[in-house]
Amino acid sequence: QVQLVESGGGSVQAGGSLKLSCTASGYTFINSCGMGWYRQAPGKERELVATISRDGTPTYADSVKGRFTISQDNGKNTLFLQMTSLKTEDTAVYYCAADDETWPCEQFWARLDFGYRGRGTQVTVFA
């Protein structure tokens with residue numbers, strides 16, 4: 001059974017930094033097409049913040065480009081999201097997501113169909 005568990009959330013002043021972690025059990029990063037981080041703020045739609053492919057290629061939403069860095073430790077089956085220069089609008093619940101190997105990678109990236117998701121970790125940025 002695949003389980004994704006996020007950690008590292010908390011409250012931080014605007015301009016500060018946080019590093020989120022996502023530990024996967026029952027799942028092997030190197031066998032997947034990729035993983036990512038979503039976020040959802042109250043009253044707002046879910047936003048795909050960052051993705052990383054099996055070979056380590058990252059992508060970022062424009063809203064976080066230059067401030068957030070996604071990375072992975074394949075040996076420890078852990079995904080990270082380093083967040084710097086945080087803004088109040090970054091406040092949200094952040095979710096780790098992983099490919100469930102339903103699709104070949106080309107279709108996975110076209111669909112961004114992350115079949116596995118964690119329960120989320122709250123990030124609050126105050127002014």
*asked:* With side chain to side chain donor-acceptor pair (under 3.5 Å) as the criterion, how do T59 and T51 come out once you've worked through the C-alpha distance, each side chain's angles and the decisive distance to 0.1 Å?
replied: CA-CA 5 Å; T59 67; T51 69; 2.4 Å; yes

_Go through it in stages, so that I can follow the logic: the residues are S71 and Q82, the test is side chain to side chain contact (heavy atoms under 4.5 Å, CB included), and I'd like the CA-CA distance, side-chain angles, deciding distance and then a yes or no._
CA-CA 8 Å; S71 62; Q82 176 69 56; over 6 Å; no

*Is there a side chain to side chain contact (heavy atoms under 4.5 Å, CB included) between L81 and F68 once you walk through the steps?*
CA-CA 7 Å; L81 185 68; F68 289 12; 4.1 Å; yes

*Could you go through the side chain to side chain donor-acceptor pair (under 3.5 Å) check for S63 and E47 one step at a time?*
CA-CA 10 Å; S63 58; E47 179 185 18; 2.7 Å; yes

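Residues R111 and W103 have side chains in contact (heavy-atom distance under 4.5 Å, counting atoms from C-beta outward). Within the 4.5 Å cutoff, the side chain of F114 has no heavy atoms near those of the D100 side chain. You'll find the side chain of L79 reaches within 4.5 Å of the side chain of I52, heavy atoms only. Looking at L20 and W37, their side chains come closer than 4.5 Å, going by heavy atoms from C-beta outward. Side-chain contact between I70 and F80 is absent, with no heavy-atom pair separated by less than 4.5 Å.
E89 meets the salt bridge (charged side-chain N to carboxylate O under 4.0 Å, His left out) test with no other residue; sequence neighbours excluded.
E6 contributes a side-chain N or O that, together with a main-chain N or O of G120, makes up a donor-acceptor pair within less than 3.5 Å. At distances below 3.5 Å, at least one donor-acceptor pair connects side-chain atoms of D99 with backbone N or O atoms of C33. Remark: the backbone N or O of S85 is paired with a side-chain donor or acceptor of R67 at under 3.5 angstrom. In this structure, the side chain of Q40 engages the main chain of K44 through a donor-acceptor pair within 3.5 Å.
By the criterion of side-chain heavy atoms lying less than 4.5 angstrom apart, applied directly or through intervening Ile, Leu, Val, Met, Phe, Trp or Tyr residues, Y95 is not grouped with M83; the two fall into different hydrophobic clusters. Clustering ILVMFWY residues whenever any of their side-chain heavy atoms sit less than 4.5 angstrom apart, transitively, puts F108 in a cluster other than the one holding V49. Residues V125 and Y60 share a single hydrophobic cluster, defined by chaining ILVMFWY side chains whose heavy atoms lie under 4.5 Å apart. One hydrophobic cluster, built from ILVMFWY side chains closer than 4.5 Å, cannot hold both L112 and M35; they sit in different ones. By the rule that hydrophobic residues join a cluster once side-chain heavy atoms approach within less than 4.5 Å of another member, Y94 and V12 end up as members of one cluster.
Residue pairs meeting the side chain to side chain donor-acceptor pair (under 3.5 Å) criterion with at least one partner in residues 117-127, sequence neighbours excluded, are Q122-T124.
Look at K87 and D90 and you find no salt bridge, because none of the NZ, NE, NH1 or NH2 atoms lies under 4.0 Å from a carboxylate O.
Ring to ring, Y116 and Y27 are close: their centroids are under 6.0 angstrom apart.
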